[in-house]
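Residue numbers start at 1 and run along the sequence shown. Just so you know, these numbers use all the heavy atoms, side chains as well, and skip hydrogens, waters and symmetry mates. Computed from a predicted structure; not experimentally measured.
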Amino acid sequence: GTDGDACSTVQHAFQCSYFRVYTTPDVIGVELGGALKNVVAIAAGVSDGIALGDNAKSALITRGLAEMSRLGVAMGADAQTFSGLSGMGDLVTTCLSKHSRNRAVGERLAQGMSVEEALAASPMVAEGVRTTRSAYALAEKYGVEMPITHQVYGVLFEGADPKAAVTWLM
């Protein structure tokens, strides 16, 4: 938030011995980091689903971080925010965790499920599907190169083959 005193109050209210809270004035960067990581996680799930391996997924995550940062900077965020917990930290967890709803959607797409089937297979919301549409529009609006977002958009909304899309990225 932009009110340092309010941020400090909230930080101290929630922080405890097992939960550390950080503050930042970069609202745009934190919001984008929290949203865009889900798009990359869908691509990571497709990568897992076609067994490209850990090195390929690592490259995808690294490129995803750069993509997130490019859009963030174009929208007024601080590039350093994406190197922190709301960027790299959240991105790595979402792309690697067996509990990630968005990564699971990507895996299901790679197995041949439709978007509707992949979403219906989970009782929880995979927000990356809707976020992909917004990220695609923002990339167009700001003239930012976002190849992962474009490929995920193609898979989700244009009928592109998930295996071909992720293979193209590699």
Side-chain angles (χ1 to χ4, degrees), residues 1-11 14-15 19-48 52 54-97 99-106 109 115 124-158 160 162 165-166 168-170:
T2 56
D3 181 335
D5 290 338
C7 288
S8 181
T9 298
V10 171
Q11 178 185 29
F14 284 99
Q15 193 159 289
F19 187 70
R20 187 165 181 172
V21 178
Y22 295 89
T23 65
T24 179
D26 186 11
V27 175
I28 293 170
V30 170
E31 289 178 346
L32 285 173
L36 296 175
K37 51 108 168 138
N38 294 315
V39 178
V40 180
I42 293 172
V46 173
S47 176
D48 286 343
L52 286 180
D54 292 339
N55 287 333
K57 189 161 52 171
S58 176
L60 191 63
I61 292 168
T62 302
R63 290 180 64 200
L65 181 63
E67 190 168 299
M68 292 164 53
S69 182
R70 280 195 303 272
L71 180 61
V73 169
M75 292 180 66
D78 181 346
Q80 277 195 296
T81 298
F82 297 95
S83 296
L85 293 174
S86 64
M88 177 57 90
D90 213 5
L91 177 65
V92 168
T93 299
T94 305
C95 289
L96 299 180
S97 174
H99 303 292
S100 169
R101 300 176 307 269
N102 294 288
R103 192 195 56 73
V105 164
L109 292 170
V115 175
M124 299 175 73
V125 174
E127 60 271 50
V129 174
R130 290 182 128 185
T131 301
T132 299
R133 191 181 300 277
S134 299
Y136 183 88
L138 288 170
E140 295 294 312
K141 177 180 178 178
Y142 287 92
V144 176
E145 183 183 356
M146 297 184 72
I148 296 169
T149 298
H150 279 89
Q151 291 300 316
V152 172
Y153 182 90
V155 169
L156 296 174
F157 305 112
E158 297 176 336
V166 170
W168 180 86
L169 288 169
M170 293 299 114

Exercise. Check whether any side-chain heavy atom of Thr132 lies under 4.5 Å from a side-chain heavy atom of Phe157, and answer yes or no.
Key: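 Yes. Closest side-chain heavy atoms under 4.5 Å.
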Quiz item: Any side-chain heavy-atom pair from Ile61 and Leu96 closer than 4.5 angstrom?
Solution: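 Result yes, sub-4.5 Å side-chain heavy-atom pair found.
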Exercise. Would you kindly say whether His150 and Glu158 are connected by a side-chain donor-acceptor distance under 3.5 Å?
Key: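 Glu158 and His150 do not have a side-chain donor-acceptor pair below 3.5 Å.
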Could you pull out all residues at least two apart from [X] that satisfy side-chain contact (heavy atoms from CB on, under 4.5 Å)?
X: Ala59; result: none
X: Val21; result: Gln11, Phe14, Gln15, Phe19
X: Tyr22; result: Arg20, Leu85
X: Leu169; result: Leu60, Arg63, Pro147, Ile148, Gln151

With [X] via salt bridge (Lys or Arg N to Asp or Glu O under 4.0 Å) - residues at least two apart:
X: Glu145; value: none
X: Asp48; value: Lys57, Arg103
X: Arg101; value: Glu127

I'd like to check the side chain to side chain donor-acceptor pair (under 3.5 Å) partners of [X]; sequence neighbours left out, ordered by chain and number.
X: Thr149; answer: Glu67
X: Ser8; answer: His12
X: Thr94; answer: none

Exercise. Only pairs at least two apart or in different chains count here, so list each side-chain hydrogen bond (donor to acceptor under 3.5 Å, both in side chains) that has a residue in residues 77-89.
Key: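 Those involving residues 77-89 are Asp26-Thr81.
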Quiz item: Who pairs with Tyr142 by ring pair (Phe, Tyr, Trp, His ring centres under 6.0 Å), at least two apart in sequence or on another chain?
Solution: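 Per chain and number, Tyr142 pairs via ring pair (Phe, Tyr, Trp, His ring centres under 6.0 Å) with no residue.
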Quiz prompt | Separation between CG of Leu32 and NZ of Lys37, rounded to the nearest 0.5 Å | solution = 12.5 Å
Quiz prompt | Ile42 to Gly128 - nearest heavy-atom pair and separation | solution =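 Smallest heavy-atom distance, with atoms named: CD1-C, 3.6 Å.
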Practice problem: Locate the shortest heavy-atom distance separating Phe82 from Ala77; write the atom from each residue and the value. | Solution: CE1-CB, 3.9 Å
Quiz item: Within a radius of less than 6.0 Å around CG of Asp3, do more than 12 heavy atoms belonging to other residues, nucleotides or ligands occur?
Solution: yes
Exercise. Would you confirm whether Ser58, through its side chain, and Asp54, through its main-chain N or O, come within 3.5 Å as a donor-acceptor pair?
Key: no
